[in-house]
There are 2 protein chains.
Amino acid sequence: MAGLREQWRRTAMRTIQERALDLFDERGFGAVTIEEIATAAEVSPSSVYRYFGTKEGLLVADEFDTMSAATLGELLDPADPVGSLVEVVRRYESPKDGPSDAQGDGRAEVGTAGPWRRVRYFFTEPSVRSAALAAMDRAAVRIAPLLEAGGTVDAAQARVLAHALTFGYFAALETWHDDGGTRPIADYVTEGLAPLRRVWSV
Amino acid sequence: MAGLREQWRRTAMRTIQERALDLFDERGFGAVTIEEIATAAEVSPSSVYRYFGTKEGLLVADEFDTMSAATLGELLDPADPVGSLVEVVRRYESPKDGPSDAQGDGRAEVGTAGPWRRVRYFFTEPSVRSAALAAMDRAAVRIAPLLEAGGTVDAAQARVLAHALTFGYFAALETWHDDGGTRPIADYVTEGLAPLRRVWSV
DNA sequence: GGGTTTTCGGAGAGTCACTGTCAGAACGCG
DNA sequence: CGCGTTCTGACAGTGACTCTCCGAAAACCC
């Protein structure tokens, strides 16, 4: 099913991202060129653009972008979107893949390993932050119709609430980052978005 | 008080923006270079960058960015931020400066004149949209501490709610734009953000 | 398994947004 | 009018990003 091409494409993308992260961590985002990343990953600069579109795209690869509408619909409960969001975060933030104790030294720290390694740049590099905001916006556009299907709000309100959810998540993520990334992200989302729950309470 | 320099700077900025809008409307955002804008406005490209930073900055000149914290504090009521936002929009959207009937033909249309002329590009040019999102984000960062001072939420929640407000406004603005821009923006904000009011209701 | 089609990565050239630096000019002030 | 400050324009440079073309390898068909 997964052809050779598709398979190689995935591994290539992962290695490109890892090499890029290595270079970014070493010398800073701005001081690394696409050409250097391409050389380090043993691909052409063209491929980096084909895969990720922009330099920021190397860090902001939105999982929601590739997620089908059906899958998204399963995850999100229109009656309790905040709860659904927390659940998604909690599931994605599994101990194995999460940032906690990735090096076995008993300490969790932002940017050491796991899928959250890249998140650090969301809040330190302005251009990356902007790209992350754009990703949140795209997610909101896809979530809005699902909220509308819930029934209690119209299309315009669903659009507003979808943005409130995704960017509220972003804000919670920043608080998590500012805190040093030790406690689970899901906790920050739960606490930070608590006031928003009132919107959907009877 | 306003020295000659400051005065000339302001008029220069306005003419640059107007020339830029003219060119954008005529040939599209992507097809116009900074150099062409500079030539049309009879300034150097350096000045364009000095004034606006980026090409998108020509369209996304955020009023909140230049607004002092004190002024912002006066406008925003922590007990009813949604109402404050509606009030600010209503005041800014005065009939004279607004998009309504600017040509005296009895029709209001998006992008014909007034301060809302540039808003059209927020929702048609991806890079401009991204810049607008970044401006909303900056506004949220400034608003958050004011919400916290209200007393009912902590810092993390204030950050979430500030983002919910600013990006909710953005969403309402898009609905307004999609509708053709005939009805007042304040109406869209009022209706779109209505569910968010529940957050602050007793 | 051989021939055809389709797809995809690499190479190269080109555009343009954006960043510095620097010298000169205009302004503000005494 | 003279002096220090501030702003402007000119210039060169960097690098992100786009576009096009070509060869190779995978996918498809028999």
Side-chain angles (χ1 to χ4, degrees), chain A residues 1-17 19-21 23-24 26-61 66 121 125-132 134-135, chain B residues 1-17 19-21 23-24 26-61 66 121 125-132 134-135:
Chain A
M1 353 228 105
L4 278 183
R5 249 175 181 150
E6 184 65 16
Q7 203 165 352
W8 199 80
R9 174 192 170 93
R10 290 188 187 281
T11 62
M13 285 184 71
R14 218 188 6 249
T15 62
I16 292 172
Q17 270 186 318
R19 293 297 161 207
L21 256 312
L23 290 171
F24 291 159
E26 185 186 335
R27 292 157 42 198
F29 181 80
V32 178
T33 68
I34 294 284
E35 196 177 340
E36 291 170 329
I37 296 170
T39 303
E42 293 177 323
V43 295
S44 75
S46 313
S47 297
V48 179
Y49 285 109
R50 235 192 303 279
Y51 292 149
F52 299 100
T54 67
K55 190 179 178 184
E56 289 77 19
L58 284 163
L59 297 169
V60 186
T66 58
Y121 292 94
E125 282 296 325
S127 68
V128 180
R129 182 184 187 107
S130 189
Chain B
M1 354 232 100
L4 278 183
R5 249 176 181 152
E6 184 65 16
Q7 203 164 351
W8 198 81
R9 174 193 170 93
R10 289 189 187 281
T11 63
M13 285 184 72
R14 221 191 359 254
T15 62
I16 292 172
Q17 270 185 318
R19 293 296 160 208
L21 256 311
L23 290 171
F24 292 159
E26 184 187 337
R27 292 158 42 199
F29 181 80
V32 179
T33 68
I34 295 284
E35 197 176 340
E36 291 171 330
I37 295 170
T39 304
E42 292 176 324
V43 294
S44 74
S46 312
S47 296
V48 179
Y49 284 111
R50 239 190 302 277
Y51 291 150
F52 299 100
T54 67
K55 189 179 179 185
E56 289 77 19
L58 284 163
L59 298 169
V60 186
T66 59
Y121 292 93
E125 280 298 324
S127 69
V128 180
R129 183 182 187 109
S130 189

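Proteins come first, then strands; the chains are lettered A, B, ... in the order of their sequence lines, and each starts at number 1. Note that the coordinates shown come from a computational prediction; the quantities given were computed from them, not determined experimentally.
Remark: A:Phe29 engages A:Phe24 in a ring pair (Phe, Tyr, Trp, His ring centres under 6.0 Å) (not counting sequence neighbours). The salt bridge (charged side-chain N to carboxylate O under 4.0 Å, His left out) test applied to A:Arg19 returns A:Asp22, not counting sequence neighbours. By the side chain to side chain donor-acceptor pair (under 3.5 Å) test, A:Glu56 is found to be paired with A:Ser127, residues two or more places apart in sequence or in another chain being considered. Under the rule for a side chain to side chain donor-acceptor pair (under 3.5 Å), the partners of B:Arg10 that lie at least two apart in sequence or sit in another chain are B:Glu6. Applying the side-chain contact (heavy atoms from CB on, under 4.5 Å) test to B:Thr33 and every residue at least two apart in sequence or in another chain returns B:Glu35, B:Glu36. Legend: residues meeting side chain to side chain donor-acceptor pair (under 3.5 Å) with A:Ser130, ordered by chain and number and at least two apart, are B:Ser130.
Residue pairs satisfying the side chain to side chain donor-acceptor pair (under 3.5 Å) criterion with at least one member in residues 38-53 of chain B, sequence neighbours excluded, are listed as follows: B:Ser44-B:Ser47.
When the C1' atom of D:dA26 is taken as reference, atom CZ of A:Arg9 falls 15 Å away, rounded to whole Å. Atom pair A:Trp8:CH2 and D:dA26:P shows a separation of 11 Å (rounding to whole Å applied). Going from atom CD of A:Gln7 over to atom P of C:dC8 covers 16 Å, rounded to whole Å. Between B:Arg50 atom CZ and D:dC7 atom P the separation is 9 Å, expressed in whole Å. One interatomic measurement links the two molecules: CZ of A:Arg10 to C1' of C:dG9, which rounds to 18 Å at whole-angstrom precision. Atom CD1 of A:Ile37 is separated from atom P of D:dG15 by 12 Å (rounded to the nearest Å).
Within the 4.0 angstrom heavy-atom criterion, no nucleotide atom of any strand lies near A:Phe52.
Annotation: side chain of B:Leu59 is in contact with side chain of B:Leu21 (closest heavy-atom distance under 4.5 Å).
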Atom pairs, protein N/O to nucleotides 15-19 of chain C N/O, distance under 3.5 Å:
residue: C:dA17; atom: OP1; partner: B:Lys55; partner atom: NZ; Å: 3.4
residue: C:dA17; atom: OP2; partner: B:Ile34; partner atom: N; Å: 3.2
residue: C:dC18; atom: OP2; partner: B:Lys55; partner atom: N; Å: 2.8

When you compare the protein's N or O atoms with those of nucleotides 26-29 of chain C, which come within less than 3.5 Å of each other, and at what distance?
residue: C:dA26; atom: N3; partner: B:Arg5; partner atom: NH2; Å: 2.9
residue: C:dG28; atom: OP1; partner: B:Leu4; partner atom: N; Å: 3.0

